[in-house]
J.: 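There's a structure below that I have some questions on.
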Amino acid sequence: MAGYIRALRWRGGFQAFKRSCHAQKTRLLWLSQDQNCFQCRALSSTPACRNRYEEVFRRSIEQPDDFWAEAAEKLVWHKKWDQVLDNSNPPFTRWFVGGELNTCYNAVDRHVKSGRGDQAAIIHDSPVTASVAHITYKQLQEKVSLLAGVLRKHGVQKGDRVLIYMPMIPEAVIAMLACARLGAIHSLVFGGFASKELATRVNHAEPKVVISANCGVEPTRVVPYKPMLDGAIDLSEFKPSSCIIFNRPHFDPAPLKAGRDFCWEEEMAGSSLVDCVPVSATDPIYLLYTSGTTGMPKAVVRPSGGYAVVLHWTMSNVYGMNPGDVWWAASDLGWVVGHSYIAYAPLLHGNTSVLFEGKPVGTPDPGTFFRVIRDHNVKGMFTAPTALRAIRAEDPEGKFAKKYLPTDSFKVLFVAGEHCDHETMDWTKNLLQTPVLDNWWQTETGWPITSTCYGLDMDLNPPSGVTGKPVPGWNVKVFNAAGKEAEVEELGEIYVKLPLPPSFSTLWKADERFKETYFTQKPGYYATMDSGVRDEHGYICVMSRSDDVINVAGHRMSAGALEEAILECGDVVEAAVVGVPDKLKGMVPLGLCVIKHDCITSHEEMVKNVIEAVRKSVGPVAAFKKALIVPKLPKTRSGKVARNTLAAMAAGKPFQIPVTIEDASVYPSIKEELLKLGIGTQN
């Protein structure tokens with residue numbers, strides 16, 4: 001990588017190497033374990049190194065048509081576009097208008113045709129089932145084509161929706177690609193959601209077919225999926241016509257409902273191969289539900305053409321991968337990282353993608369991540385800081401990890417989903433002896449807004465706490481409370497100037513909500529609803545979320561959805577949920593509940609009931625384990641709960657009681673209850 005010098009077995013020893021670094025104006029970054037191999041970085045990069053990112057970024061903003069057209073030429077198009085960028089109806093920006101392609105063809109068939117058929121496309125590493133499986137691009141092509149035939153048999157055509165509710169197994173990716181092959185729109189739902197949350201999505205997306213499995217496997221238990229699916233369909237007003245159920249080997253098969261449910265294996269055995277269907281570049285490839293889905297579903301619509309182009313571009317330019325490299329995004333397919341960087345991006349780019357079914361600790365030990373890196377020759381990886389914190393908590397000296405280190409293949413680790421504290425980042429850097437780079441993006445965007453772009457020769461030792469610089473295509477601005485562009489290091493709201501690069505086109509069935517949610521705060525800009533600062537070198541530091549979404553281990557949880565679940569407890573009359581800082585997960589939800597005056601249930605029992613209600617309604621993904629009973633909630637005269645003051649109390653931060661609060665006397669009693677839970681407050 002440009003800007004780096006590697007010295008192997010330096011004859012003069014460490015001190016001599018340090019003197020050489022100083023003479024060459026370089027900075028020593030780390031030592032290898034044998035103490036004879038040192039890595040250093042130039043304090044001042046060469047002009048070519050320093051300017052490559054700046055030039056690429058400048059061109060992406062000043063000449064977006066030419067920039068993205070050039071990137072699009074890397075893919076195979078059934079019909080070339082008539083217009084690269086149509087911004088005639090902002091914010092409904094359209095990319096590659098008139099063009100037609102098929103994402104599945106570009107992610108699978110194209111590589112088989114070019115001679116990569118025998119390369120592994122997917123490595124499924126499942127410590128919870130003690131199994132590892134490799135699927136080549138040629139094998140993937142056959143499986144996807146046959147499943148597309150099954151879907152077509154069940155009436156699925158271009159534009160129809162298919163809901164996928166599966167664990168972390170290759171069949172989930174196969175289902176995604178089979179939908180894309182037909183031009184159908186998939187909506188993949190995280191397997192941790194309970195029936196009620198699943199029903200919300202079924203009712204909103206109206207899928208013609210649901211694809212699911214008999215079970216998911218956790219480190220200590222098997223989670224039956226079919227009963228939750230059956231419960232969701234019972235709750236939903238809309239009923240899918242068919243359900244395709246994959247029965248995982250060595251586990252109890254799911255009972256099938258006659259006339260509606262069909263066995264995956266039997267259907268595949270009787271299927272035939274199906275060719276890819278050309279799809280308009282502006283047509284959706286999938287719907288992905290984001291926070292706030294309870295009551296008012298909010299599904300991001302991802303356009304096929306632009307999405308394929310930008311994901312392919314990011315694998316080399318942002319993440320520094322070459323075709324054939326092994327890439328691992330340690331996330332879940334149900335989240336945006338899984339959609340973009342487990343399934344589509346690595347396959348579009350011709351990489352091998354690791355699909356991991358396990359946990360960072362406990363499957364079987366905190367060395368698991370490093371074992372996967374070594375066993376599969378992983379070159380680049382993406383994970384959440386929560387995973388690294390969990391590993392560090394159980395293995396602070398890195399003893400389990402060091403059994404698999406060093407590895408010659410591994411080059412870079414990217415983290416995102418939440419803020420990564422510098423202690424965890426430094427610990428990880430010292431252990432891996434590679435760059436550890438933060439990046440920031442959202443479900444809505446589908447790919448990074450800011451990052452240290454490994455493939456664009458950026459400084460791989462950015463300032464602590466930053467999430468990188470704006471990725472080419474994203475014209476990021478920070479505005480202060482007065483609506484003016486913020487000064488250096490001045491906290492403000494983060495916006496992106498329109499037109500947006502290829503990302504997301506609207507919200508499903510909610511064009512007006514799309515405009516009102518993201519584009520009315522500041523005309524001509526996309527509101528990220530995050531706050532942060534820009535430093536003197538152009539780096540962005542994302543400080544906090546501007547709304548009440550709680551970020552639990554990188555998973556955004558709607559406070560409203562959790563509150564609604566709490567209120568299902570009959571004796572609870574009011575509830576507020578705020579995020580509480582947590583060393584492992586970043587944030588965890590805390591519920592404050594007001595119960596009926598005549599409630600005879602003890603507070604201790606009520607808290608148990610509340611926690612259980614949330615688990616049943618939302619699922620264990622919410623990590624909801626803390627609740628307390630309070631006499632009243634602080635409300636403004638308009639009836640709004642002052643969550644910002646509650647969150648500040650729970651975080652031990654100073655706060656001021658708003659003048660609009662109707663009854664300020666409620667705060668002392670809330671403070672008392674927080675202290676009983678060991679959650680500190682300040683005046």
Side-chain angles (χ1 to χ4, degrees), residues 122-135 139-140 142-156 162-179 184 186-195 198-199 201-202 207-234 239-274 332-334 338 342-343 355-358 363 619:
I122 297 171
I123 299 174
H124 182 229
D125 191 302
S126 174
V128 294
T129 59
S131 64
V132 175
H134 294 71
I135 300 176
Q139 291 169 333
L140 183 62
E142 181 179 15
K143 292 174 183 290
V144 168
S145 183
L146 287 173
L147 184 59
V150 172
L151 292 174
R152 178 171 285 178
K153 171 188 169 184
H154 287 273
V156 176
V162 175
L163 189 139
I164 303 169
Y165 183 61
M166 302 189 85
M168 289 287 288
I169 55 178
E171 286 73 17
V173 178
I174 291 167
M176 297 168 74
L177 292 166
C179 293
H186 67 72
S187 177
L188 193 149
V189 179
F190 174 68
F193 282 125
S195 293
L198 182 57
R201 289 150 172 79
V202 171
K208 181 170 285 187
V209 172
V210 174
I211 302 176
S212 189
N214 56 337
C215 65
V217 183
E218 296 291 333
T220 59
R221 64 193 179 107
V222 174
V223 182
Y225 276 27
K226 188 57 165 48
M228 290 191 282
L229 174 60
D230 290 340
I233 295 175
D234 289 342
K239 310 295 182 184
S241 61
S242 303
C243 296
I244 311 298
I245 308 300
F246 176 74
N247 283 306
R248 304 186 66 174
H250 314 300
F251 296 95
D252 293 337
L256 303 181
K257 183 176 179 179
R260 187 197 71 184
D261 299 342
F262 299 88
C263 173
W264 170 299
E265 293 86 350
E266 293 176 3
E267 293 291 299
M268 291 283 278
S271 184
S272 56
L273 301 177
V274 169
D332 191 282
L333 284 167
I342 295 177
L355 180 66
F356 179 69
E357 188 181 24
T363 57

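In what follows, residues are counted from 1 in the order of the sequence shown. Keep in mind it's a predicted model, so treat the numbers as computed, not measured.
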J.: Is the CD atom of E142 crowded by more than 12 outside heavy atoms at less than 6.0 Å?
T.: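 Check fails, neighbour count at 12 or below.
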J.: For the CH2 atom of W264 and the CG atom of L147, what is their distance to the nearest 0.5 Å?
T.: 4.5 Å
J.: Working to the nearest 0.5 angstrom, can you tell me the gap between M166 CE and E171 CD?
T.: 6.0 Å
J.: Examine distances only and state if a side-chain atom of S195 and a backbone atom of M228 form a donor-acceptor pair shorter than 3.5 Å.
T.: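 Pair found, side chain donor or acceptor close to backbone of M228.
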J.: Which residues satisfy the side chain to side chain donor-acceptor pair (under 3.5 Å) test with S272, sequence neighbours excluded?
T.: none
J.: For A178, is there any backbone N or O sitting under 3.5 Å from a side-chain donor or acceptor partner on H186?
T.: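 No.
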J.: Would you compute the distance between atom CG of L140 and atom CD1 of I122 and round it to the nearest 0.5 angstrom?
T.: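 Answer for the CG-CD1 pair, L140 versus I122, is 5.0 Å.
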J.: Sort and list the pairs that fulfil salt bridge (charged side-chain N to carboxylate O under 4.0 Å, His left out) and have at least one residue in residues 249-262, not counting sequence neighbours.
T.: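 Found K226-D261, D230-R260.
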J.: So, the side chain of S271 versus the backbone of L146: is there a donor-acceptor pair under 3.5 Å, distance only?
T.: yes
J.: Do the side chain of S212 and the main chain of Y165 share a donor and acceptor less than 3.5 angstrom apart?
T.: yes
J.: Measuring from I244:CD1 to I164:CD1, what's the distance to the nearest 0.5 Å?
T.: 12.0 Å
J.: Donor-acceptor pair, K208 side chain versus G155 backbone, under 3.5 Å?
T.: yes
J.: Yes or no on side chain to side chain contact (heavy atoms under 4.5 Å, CB included) for C243 and I233, after CA distance, side-chain angles and deciding distance?
T.: CA-CA 10 Å; C243 296; I233 295 175; 3.7 Å; yes
J.: Quick check: closest heavy atoms across G191 and Y225, and the distance to 0.1 Å?
T.: CA-OH, 3.5 Å
J.: Who passes side chain to side chain donor-acceptor pair (under 3.5 Å) against R248, sequence neighbours left out?
T.: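 R248: side chain to side chain donor-acceptor pair (under 3.5 Å) contacts with E357.
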J.: Shortest non-hydrogen contact from A184 to V156?
T.: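 Closest heavy-atom pair between A184 and V156: CB-CG1, 3.6 Å.
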J.: Do L151 and I211 have side chains that get closer than 4.5 Å, going by heavy atoms?
T.: yes
J.: I would like to know whether L333 and L355 meet side chain to side chain contact (heavy atoms under 4.5 Å, CB included); could you show each step before the answer?
T.: CA-CA 9 Å; L333 284 167; L355 180 66; 4.0 Å; yes
J.: What pair of heavy atoms forms the shortest contact from A254 to N247, and how long is it?
T.: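 Between these two residues, the closest heavy atoms are N-OD1, 2.7 Å.
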J.: What closest approach, in Å, do V202 and P240 show between heavy atoms, and which atom pair accounts for it?
T.: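 Heavy-atom minimum between the residues: CG1-CD, 4.3 Å.
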J.: CG of L256 to CG of N214: how many Å apart, nearest 0.5 Å?
T.: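 With rounding to 0.5 Å, CG (L256) is 10.0 Å from CG (N214).
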J.: Check P167 against G216 and note the closest heavy-atom contact, atom names and distance.
T.: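 The answer is CB-CA, 3.9 Å.
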J.: About how many Å separate CD1 of I169 and NE2 of H124, when rounded to the nearest 0.5 Å?
T.: 7.0 Å
J.: Per the side chain to side chain contact (heavy atoms under 4.5 Å, CB included) rule, which among L163, I245, V162 passes with V210?
T.: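 Answer after filtering L163, I245, V162: L163.
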